[in-house]
Amino acid sequence: MLPRMASRCVSSLIHVFLVVDLSHYGRIRVSGEDRVQFLHNQSTANFEILHEGQGCDTVFVTPTARTIDIAHAWIMKTAITLVVSPVTRERITDMLKKYIFFADKVEIQDITEKTSLFVLVGPTSNQIMEALSLADIVGQPYGSHKHYTVNGMPITVGVGNIISEEGYSLLMSPASAESVWKALLGHGAIPMGSNAWETSRILQGRPAPGKELTDEFNVLEANLWNAVSLNKGCYKGQETISRLVTCDGIKQRLWGICVSLPVEPGSTISVDGKKVGKVTSFTTGKQAFQPLGLGYIKRKAASEGDTVVIGDDVEGTVVEVPFIARQIPPS
């Protein structure tokens, strides 16, 4: 349960059924006999324990565990499909190709232009699954996905919508997109634009490349515990991550910050006149939402419910946000 202050910022985000066209997001297909082991070694999640029809979040990091992007992965029969940010699509594709060794049976293909991606947002999105005869996906674990047809068009539907475990992702060919979009609108979906999507991302607290995910911050400072395996063996960034955990070396953490006035990303966060962090994203919190920022704050300087100062004189309250609150550090 979120504290009362936090709930004014981030609860009840969506009470209607919304649909967002995220076809500009990157889709990368990893195929070949060695695809599972390859991604297992190139990102933070444990791919070896996953089976066809399952999915997960995984983080691509630098050798020193600095964050590049969170990818959402679907384990399919003959390939693994990754959904990544539009700003990291080329970098991750090129990086994966670079690390294919001569003996590796792996193929990397950017399928962004060959596919379309819609996501459903809000608790009432379960109703559209039932209306479209897709009800057997409802209640399945995050990342689970199945193949269906909608209006005779093939489509893959997965649980979760990138920023939240609540909702669904729909992957299809561009030829199917118009028919599927019309079907969703016909069942009461309301289109959401890019500005509203960014507001929802911040309210949910999902880190984004170039903002919360940069060379300044490592994957554990971003609090992305659910996407990190600590016992799967060697992978890129693994030594740094293990050292951070073993030596309690995590120096800062990502939080939500409720504020009464607008603030700029990059603004300092202070406690008792001392700089303890900075703001990375901000939304004015339109309609019923109070303005909310995301930012990194030094450990022990402030935690949930504490008061901080943004810039020179804007007072803020540190709050948990849903995406980060769901991340469970190891005991």
Side-chain angles (χ1 to χ4, degrees), residues 1-3 6 10 39-50 54-75 82-85 88 141-144 159-166 201-209 211-257 277 280-281 294-304 318-331:
M1 182 69 67
L2 292 171
V10 299
L39 282 178
H40 189 83
N41 293 340
Q42 294 300 322
S43 66
T44 60
N46 189 341
F47 280 88
E48 292 184 342
I49 64 173
L50 298 175
Q54 295 182 316
C56 69
D57 287 338
T58 191
V59 187
F60 288 100
V61 299
T62 69
T64 56
R66 302 292 169 167
T67 52
I68 299 172
D69 197 4
I70 312 167
H72 186 62
W74 283 350
I75 314 303
L82 303 172
V83 178
V84 300
S85 165
T88 62
Y142 176 65
S144 300
V159 178
N161 61 18
I162 298 178
I163 63 173
S164 173
E165 295 181 7
E166 190 174 68
R201 178 194 73 80
I202 296 170
L203 292 172
Q204 283 287 339
R206 189 185 193 277
K211 298 177 181 179
E212 292 76 35
L213 306 179
T214 73
D215 287 341
E216 287 187 73
F217 312 112
N218 66 56
V219 63
L220 300 187
E221 291 172 338
N223 212 49
L224 299 175
W225 294 99
N226 291 359
V228 176
S229 173
L230 298 179
N231 56 14
K232 70 169 185 170
C234 184
Y235 60 95
K236 187 190 296 183
Q238 182 264 339
E239 289 186 9
T240 299
I241 291 171
S242 294
R243 188 163 57 249
L244 287 169
V245 173
T246 302
C247 301
D248 193 24
I250 304 170
K251 294 180 169 55
Q252 54 193 338
R253 209 209 94 163
L254 185 62
W255 291 96
I257 307 164
T280 52
S281 293
L294 300 178
Y296 284 89
I297 299 175
K298 290 182 180 179
R299 288 179 63 192
K300 301 180 181 179
S303 59
E304 187 175 8
V318 178
V319 298
E320 279 282 18
V321 279
F323 186 89
I324 297 299
R326 287 195 300 270
Q327 308 295 313
I328 309 298
S331 57

* Asked: Taking all atoms of both residues into account, what is the closest heavy-atom pair of Val61 and Gly237, and its distance?
  -> CG2-CA, 4.2 Å
* Nearest non-hydrogen partners of Pro329 and Gln327, listed with the distance -> CD-O, 3.4 Å
* Asked: Counting distance only, does the side-chain N/O of Arg66 pair as donor-acceptor with the main-chain N or O of Thr214 below 3.5 Å?
  -> no
* Indicate the atoms forming the closest heavy-atom contact of Ala227 with Thr44, along with that distance. => O-OG1, 2.5 Å
* To do: Determine whether Leu220 and Val245 make a side-chain contact, defined as any pair of heavy atoms from C-beta on separated by less than 4.5 Å.
  => yes
* Asked: Does the side chain of Pro141 come within less than 4.5 Å of Val159's, by heavy atoms?
  -> no
* Exercise: do Gln54 and Ser144 side chains pair donor with acceptor under 3.5 Å -> no
* To do: Could you please spell out the steps behind the side chain to side chain contact (heavy atoms under 4.5 Å, CB included) verdict for Phe60 and Leu39?
  => CA-CA 10 Å; Phe60 288 100; Leu39 282 178; 4.2 Å; yes
* Do Asn231 and Ser229 get their side chains close enough for a donor-acceptor pair, meaning under 3.5 Å? -> yes
* Asked: Would you say Cys56 and His72 make side-chain contact, with heavy atoms under 4.5 Å?
  -> no
* Looking at side-chain heavy atoms only, is the closest gap between Ile257 and Leu294 below 4.5 Å? -> no
* Please examine the side chains of Gln204 and Glu165, heavy atoms only from C-beta on, and report whether any two atoms are closer than 4.5 Å. => no
* Asked: More than 12 foreign heavy atoms under 6.0 Å from CD of Glu239: is that the case here?
  -> no
* **Presence of salt bridge, Arg253 and Glu320, under 4.0 angstrom** => yes
* Dump the intermediate steps for side chain to side chain contact (heavy atoms under 4.5 Å, CB included) on Thr240 and Arg243, then the final yes or no. => CA-CA 5 Å; Thr240 299; Arg243 188 163 57 249; 3.7 Å; yes
* To do: Heavy atoms only: give me the nearest Ile68-Thr88 pair and the separation to one decimal.
  => O-CG2, 3.7 Å
* To do: For residues Ile70 and Leu213, determine if any side-chain heavy atom of one lies less than 4.5 Å from a side-chain heavy atom of the other.
  => yes
* **Under 3.5 Å donor-acceptor, Asn226 side chain and Ile328 backbone** => yes
* Taking all non-hydrogen atoms of both residues, which atom of Tyr296 and which atom of Glu212 are closest, and how far apart? -> OH-O, 2.7 Å
* To do: Could you tell me which residues satisfy side chain to side chain contact (heavy atoms under 4.5 Å, CB included) with Ser303, sequence neighbours excluded, listed by chain and number?
  => Trp255, Asp306
* To do: Any chance you could lay out the side chain to side chain contact (heavy atoms under 4.5 Å, CB included) test for Asn218 and Thr64, step after step, and finish with the verdict?
  => CA-CA 8 Å; Asn218 66 56; Thr64 56; over 6 Å; no
* Asked: Any Lys/Arg nitrogen of Lys232 or Glu48 sitting under 4.0 Å from an Asp/Glu carboxylate oxygen of the other?
  -> no
* Asked: Is any side-chain N of the basic residue among Arg299 and Asp248 closer than 4.0 Å to the acidic one's carboxylate O?
  -> yes
* Asked: Taking C-beta and beyond as the side chain, do Thr62 and Thr67 meet within less than 4.5 Å on heavy atoms?
  -> no
* Asked: Less than 4.5 Å apart, any side-chain heavy atom of Lys298 and any of Lys251?
  -> no
* To do: Return yes if some donor-acceptor pair links the side-chain N/O of His40 with the main-chain N/O of Phe47 below 3.5 Å, else return no.
  => yes
* **With sequence neighbours excluded, residues passing ring-ring contact (aromatic ring centres under 6.0 Å, His included) with Tyr235** => none
* Can Gln252 and Glu216 be said to form a side chain to side chain contact (heavy atoms under 4.5 Å, CB included), step by step? -> CA-CA 11 Å; Gln252 54 193 338; Glu216 287 187 73; over 6 Å; no
* Could you tell me whether the side chain of Asp69 and the main chain of Ala71 form a donor-acceptor pair under 3.5 Å? => no
* With sequence neighbours excluded, tell me which residues meet salt bridge (charged side-chain N to carboxylate O under 4.0 Å, His left out) with Arg206. => none
* Asked: Distance-only, no hydrogens or angles: does the Asn161 side chain make a donor-acceptor pair with backbone N or O of Glu166 under 3.5 Å?
  -> yes
* Asked: Which heavy atom of Ser85 sits nearest a heavy atom of Pro209, and at what distance?
  -> CB-CG, 3.7 Å
